[in-house]
Amino acid sequence: MAALAPPYLANQNKLPSFSSKILVRMPTTLVFLQMCSNFQEVRQVHAQLVVSGLLDRPPNAGRLLQSYVTVSQIYHASSVFDRICCPDVFAYNNMIRGLILGKCPNNSLLLYNKLLLDGLKPDNYTYTFVLKACSQLSAIFEGRQVHCRIVKAGTSMDTHVHSSLIHMYSSSTDSLVCAEQVLASFPEENTLAKNSLISGYLSQGEVEKAREMFDNMVEKDDASWSAMIAGYTKNGMSVEALGLFQKMMMISEVSPNEATLVSSLSACAHLGALDQGKWIHAYADKIGAKISVTLGTALIDMYAKCGSIEHGYEVFKKMPQKDLVAWGVIISGFAIHGQAEKCFELFDDMVANGTYPNEIIFVAILSACSHAGYVEMGYQYFYQMVHEYGIRPSIEHYGCMVDLLGRAGRLAEAEELIMSLPEKPNSVIWGALLGACRIHNDLRRGNLAFKHLTELEPMSGDRYKLAGLMFAKAGEKETATKIRKLIRENDLETTRGLSFIEIDGVVHDFEAGTINHSKYNEIYKMWGEGLIDF
DNA sequence: GTAGGGTTAG
């Protein structure tokens with residue numbers, strides 16, 4: 001009978017003895033430390049550790065450091081680390097991990113070198129974290145050195161190190177083949193490693209190879225689906241992403257994790273698939289998924305891009321915690337909908353909330369100004385960005401300003417700004433000027449922009465097309481014809497306007513000037529020939 | 001005695 005007992009019963013027998021062992025052997029303060037879930041709690045236990053003298057024992061300092069890392073307080077973690085006179089591998093590992101979490105992967109590499117200089121022996125955790133830092137930095141050379149050390153030291157790699165190696169090698173196209181070799185050198189089925197290679201392929205645009213690997217996988221877990229769906233979304237294949245999501249819901253035994261929902265929502269956002277997005281929202285509620293900052297942000301973005309900013313705002317208001325990305329999404333959302341005043345209001349709320357704006361927030365704010373024609377507000381925010389927040393304007397910000405001035409018809413100022421740029425204007429800048437010149441019939445500046453564009457993007461038919469439209473509108477038919485001929489003769493690619501509508505959950509795409517829709521005949525009957533000629 | 005994939009904004 002005992003052999004038939006389900007696994008959870010067996011675990012139930014073990015659980016009490018395990019926890020009582022901890023309680024007996026560990027001082028209460030350390031038990032508290034394990035229970036901490038936020039910064040305040042860790043800080044309180046930290047104080048108790050200092051008072052009780054327990055912190056003087058090096059292993060306890062390591063545990064405290066670990067707790068600070070778990071609550072992402074890297075600054076506090078590193079001050080604890082600095083006070084440990086002889087950190088052991090555990091302390092090093094946690095600090096290395098903390099530095100990666102704190103977006104300082106280069107510092108974690110330095111710390112790894114220090115660990116080696118201290119004569120300590122790295123373990124599988126060390127390797128996992130260091131390789132992760134290497135992937136983030138695309139530091140294949142350093143990663144390869146780590147790989148060599150693992151082999152030389154004869155360390156037996158666990159699945160995590162194995163998959164991190166693959167992840168590291170696939171962070172650059174050139175070493176993708178090394179990632180394949182590493183996978184092949186391990187004969188047993190390793191889902192973790194295969195998932196890494198799938199994301200690696202997808203990050204390098206090798207969608208076909210990723211799909212092949214995915215299809216041949218025997219044991220797909222939630223992360224396999226998630227990697228594939230996220231990869232499709234990243235490579236602009238939103239239709240495929242949503243198709244795979246639906247397939248997963250229907251045939252797969254694993255249920256979607258948060259990352260899958262987030263990527264699928266991102267695909268909905270790109271397609272404008274509001275019904276699908278709403279369905280995912282309802283599904284998340286149904287399974288009782290906690291609307292985390294990430295999931296909430298993806299929902300807001302989906303609603304905003306699918307034209308339903310009100311629903312997005314509802315989600316935003318309900319979010320208990322909001323990070324910079326969440327604020328960025330809601331501000332860009334209102335910017336897309338032309339509600340500049342709401343953007344300004346939210347910006348003030350954000351600052352009052354103690355969240356510091358970054359350069360992306362200002363791109364959103366400036367584009368809101370541009371769409372609503374608020375030139376003076378745009379100048380004001382630009383000034384504020386530079387002088388109050390110390391953000392160096394990027395080419396994107398200048399692009400917004402040129403667009404802002406150009407749309408408002410202040411072309412002389414736009415040109416002056418372009419001439420004063422600290423860096424070489426890119427095609428976005430000149431494109432914004434050309435677009436504005438087309439609206440305001442400024443042939444001289446339009447010509448100037450066009451000349452630069454032909455140098456920067458000689459193969460972009462779109463630029464020629466825009467210039468052609470400008471000349472045609474200004475009555476210079478001859479030049480316009482010449483440009484059109486140029487596009488045809490050089491076989492230049494022009495992208496056509498795409499629009500999507502969703503009917504009963506099916507996304508239909510329409511390409512400007514084409515008639516390749518499956519229901520074309522019915523549409524044609526209803527609307528006649530006028531439809532094709534836009 | 002202990003930590004470890006992937007996801008979101010222009």
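For clarity, every value in this text was computed on a predicted model and none was experimentally measured.
- Figure legend: K322(A) and F316(A) shown as a cation-pi pair, the cationic atom lying under 6.0 angstrom from the six-membered ring centre and within 45 degrees of its axis.
- When distances run from any side-chain atom of A230(A) to the nucleotides dA9(B), dG4(B), dT7(B), the shortest one goes to dT7(B).
- As rounded to whole Å, 14 Å separates atom P of dA3(B) from atom CG of D88(A).
- Near DNA chain B, meaning a heavy atom under 4.0 Å from it, residues 98-112 of chain A has no residue at all.
- The salt bridge (charged side-chain N to carboxylate O under 4.0 Å, His left out) search around E253(A) returns none, not counting sequence neighbours.
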Under the side-chain hydrogen bond (donor to acceptor under 3.5 Å, both in side chains) criterion, do Y127(A) and H147(A) qualify, and how do the steps go? CA-CA 9 Å; Y127(A) 291 134; H147(A) 189 182; over 6 Å; no
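- Computed from coordinates, the H167(A) NE2 to dT7(B) P distance equals 7 Å when rounded to whole Å.
- For K132(A) and dA3(B), the shortest distance from a side-chain N or O to OP1 or OP2 is not below 4.0 Å.
- Counted by atom type alone, K278(A) and Y303(A) present zero donor-acceptor pairs between their side chains at under 3.5 Å.
- Contact annotation: R97(A) reaches the phosphate of dG4(B) (side-chain N/O to OP1 or OP2, under 4.0 Å).
- Salt bridge annotation for R392(A)-E359(A): absent, with no cationic side-chain nitrogen under 4.0 angstrom from a carboxylate oxygen.
- Side-chain atoms of S170(A) and Q204(A) form no donor-acceptor pair, as typed in the model, at a separation below 3.5 Å.
- On a pure distance criterion of 3.5 Å, no polar donor-acceptor pair joins the side chain of D301(A) and the base of dA9(B).
- Listed nucleotides dT8(B), dA9(B), dG1(B) differ in distance to T294(A); the shortest reach to its side chain belongs to dT8(B).
- Between the CZ atom of F316(A) and the C1' atom of dT8(B) there is a distance of 14 Å, rounded to whole Å.
- Residue side chain D158(A) reaches the base of dG4(B) through a donor-acceptor N/O pair under 3.5 Å, judged by distance alone.
- Residue N60(A) is out of contact with every strand shown, counting any heavy-atom pair closer than 4.0 Å.
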